[in-house]
Amino acid sequence: MGEAGRAEFMRTSRCSRPGHGLASRAVTNSLWFPDAHPADSDMCVAYFCAEFGISANIPIYSGGLGILAGDHLKAASDLAIPLVAVGLFYYDGYFRQAIDGTGQHERYVEHTGTDIGAVPVTDDDGRAIRITVDLPDGRLHASVWRLMVGSVTLVLLDANIPENAPAEREITARLYGGNRETRIRQELLLGIGGVRALGAMGIAPTVFHLNEGHSVFLQLERLRVLIDAGATFDDALAEVRRTSMFTTHTPVPAGNEVFSEELAAAYLERAAAGIGLPMNQLMALGKVTDEPGFGLTPLALRTTARANGVSQLHGEVARRMWHGLWPDRSIDAVPIGAVTNGVHVPTWLERGIADLATAAGVDLEVPAAPGFAHAASMPEPSLWRAHRANVARLVALANTRGAVAGARPRLDPDALTIGFSRRFATYKRAGLLFRDPDRLARILGAPDAPVQVILAGKAHPADNDGKALIMMVTALAADPRMAGRVVFVPDYDMAIGAHILQGTDVWLNTPRLPMEASGTSGMKAAINGALNLSILDGWWAEGYTPSVGWAIDDGTIAGTDDEQDDRDHESLMRLLETVVVPAFYDRDGGGVPRTWTAMMRDAIARVGEQFSAARMVRDYTDGYYVPTHRDGRAR
Ligand SMILES: *Cc1c(COP(=O)(O)O)cnc(C)c1O
């Protein structure tokens, strides 16, 4: 398709409305979607998520889910997949973290939609669009922002407007903030308000993608619209199911939102009346059988025809976990598939490494072309030099910013650098490496083979165990035994994260099996030449081969949590002592560790090919979006 065809495609995409200026930019490099699916040009996917990680200065994300959603939008733009995204605008965003001797402190920085580059959505007369959502004690109003992510429109709802009372204006103050009531109000706004905002913008999606359960109330609004137009409940439910899909993101119980029935009933009264369903029947949709509470994951699985987990292993775990919803089927036949997560390579690949990849024949501009395999021919000495420069940059940053809570960092750009940065959720076991501090100190302080560790991450403000872990790690960073070789960098965000994953030699990941649905930071590190040292959970269970990194333990679960921790710790320490450190310090005449650099090249080539967001959105499109779109059209 030529320039004219491209412009025409962008102009006529159902996800774009010329009147709203949504199609003003045809920034995409490839026309993969119209070329691959010429018969489906009328498809429009609405992608709902509670958080989006687009860039460090747009603080409406907290961790992996948000970053993944941001990468999804960027890749959809690159491949010209017709998609519009819906989220919330949080004026306080997620917190900024400060660290002192008493632990983590949270601080919020207020910002406006304009600050993050969004513009108000207006109607044909130029007036700012408003939507409303009914709450038990009144009506919530919201304005609508539009933020372009390449050619994809991200619609953000904002309750901080004068039409609302002060308490209501705070509903969208903080991502994952407030109490249970705040949360259900946010989720009603996201789901019900999101559908209404798209309607007000004249966008009629043919596929609804619920990315995690937070947005599931959108299905109740879609049911109401169909029933208002004359459909029976059963027909409406069949239509809603046919045209939507759900992605579950975690086997961690706290990640699968459950509200008390009292709270859910109070907030869903209007919605239940709107679809003519007695409350007890609506409550039953939020349960697997008769367990207490109203769960968003069961509701999402019951109202979508297609569902998936985010790695092959997580697909299996999810089929087992939600088997109760399909008691007549075998576990293997539970209709939850898998699309393994991927990362947006142009976002996360460091410039110097990108230049080497390009010189080796990788085409970073055309994400649909398989071609990352060319990275395997990068000259090893050049790769090593480029990577050392990235380590040096990180070391300089960590030596200054890591001087917190009594720590005096003394990092060395030539030492083997281990990176660990992610949310400090307890299942991620940031403490595993530190289970035997004296043994770790011996590894770090070896005179001819020094090792250092750089960590970063935030604990959710209400997660006291996560905060205690941060205290433990920062106390060890100040412990003289560690000699300044353990450093905690405060205020983890996308920018700090990029520095760390681009500037480490070994990317450490120690989740408690099988709690890590996928994990994506290891993919970002690998494409930059870091070697993963990880538990065989999430993506690593399928990404691991001996030529790209190491597996901690054998991927089995046995005994108590404590026994598992001991076993995993022993495996980790032994790998470091006998395999990882010796390989790093085994140099050729030019000072290059050839065994290591060969692994770096292989990691870049394989992970760049298999775990890119381009591959991920192609899988979603071919396996889910297009079939869902066609099922809807067949009616
Ligand atoms: C990639 C990324 C994550 C996800 O990291 P995991 O190790 O997969 O949990 C979290 N936060 C930020 C800022 C990221 O860039």
Side-chain angles (χ1 to χ4, degrees), residues 49-75 93-97 175-176 211-212 249-252 255 309-311 313-314 340-350 394 418-430 432-433 454-460 463 466 469 489-504 506-512 514-528 530 532-535 537-543 549 552 607 611-613 616:
C49 194
E51 50 170 314
F52 288 92
I54 310 292
S55 86
N57 49 25
I58 304 179
I60 57 171
Y61 66 91
S62 125
L65 176 68
I67 309 293
L68 180 84
D71 281 7
H72 194 104
L73 305 195
K74 293 172 188 176
Y94 201 59
F95 70 91
R96 308 289 305 264
Q97 177 196 56
L175 171 59
Y176 304 139
N211 196 46
E212 202 29 275
H249 280 269
T250 178
V252 178
V310 290
S311 68
L313 177 59
H314 178 233
T340 304
N341 284 345
V343 297
H344 187 246
V345 173
T347 295
W348 298 105
L349 196 61
E350 190 276 328
L394 170 62
I418 299 175
F420 183 105
S421 65
R422 50 179 61 85
R423 288 182 304 119
F424 265 55
T426 46
Y427 79 87
K428 291 176 180 279
R429 294 193 299 184
L432 195 77
L433 179 68
I454 300 177
L455 305 102
K458 295 171 175 175
H460 184 277
D463 178 6
L469 256 180
V489 180
D491 205 22
Y492 177 57
D493 64 4
M494 284 178 76
I496 301 266
H499 270 286
I500 299 180
L501 57 91
Q502 290 168 354
T504 54
V506 170
W507 193 254
L508 180 68
N509 194 17
T510 52
R512 180 183 300 293
M515 298 296 187
E516 182 89 303
S518 167
T520 51
S521 63
M523 305 170 186
K524 302 172 201 163
I527 59 173
N528 284 289
N532 275 263
L533 171 58
S534 172
I535 299 284
D537 200 3
W539 81 282
W540 195 233
E542 64 201 84
I552 301 169
V607 176
F611 298 99
S612 70
M616 170 178 73

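Keep in mind it's a predicted model, so treat the numbers as computed, not measured. Numbering of ligands and ligand atoms starts at 1, following listing order.
Using bins of under 30°, 30° to 60° and over 60° for the plane-to-plane angle, the ring pair Tyr176/Tyr94 lands in the perpendicular bin.
Residues Ser311 and His314 have side chains that never bring a donor and an acceptor to within less than 3.5 angstrom of each other.
In this structure, the side chains of Trp540 and Asn532 come closer than 4.5 Å at one or more pairs of heavy atoms.
Under the rule for a ring pair (Phe, Tyr, Trp, His ring centres under 6.0 Å), the partners of Phe611 that lie at least two apart in sequence or sit in another chain are Trp539. Lys524 is linked by a side-chain hydrogen bond (donor to acceptor under 3.5 Å, both in side chains) to nothing, counting only residues two or more places apart in sequence or in another chain.
Contact shell of ligand 1 (protein heavy atoms, cutoff 4.0 Å): Gly63, Gly64, Ile67, Trp348, Arg422, Lys428, Tyr492, Asp493, Met494, Gly519, Thr520, Ser521, Lys524.
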Pair up each side-chain donor or acceptor in residues 493-502 with any protein partner under 3.5 Å, not counting sequence neighbours, and list the distances.
| unit_1 | atom_1 | unit_2 | atom_2 | d |
| --- | --- | --- | --- | --- |
| Asp493 | OD1 | Ala495 | N | 3.0 |
| Asp493 | OD1 | Ile496 | N | 2.9 |
| Gln502 | NE2 | Trp348 | O | 2.9 |

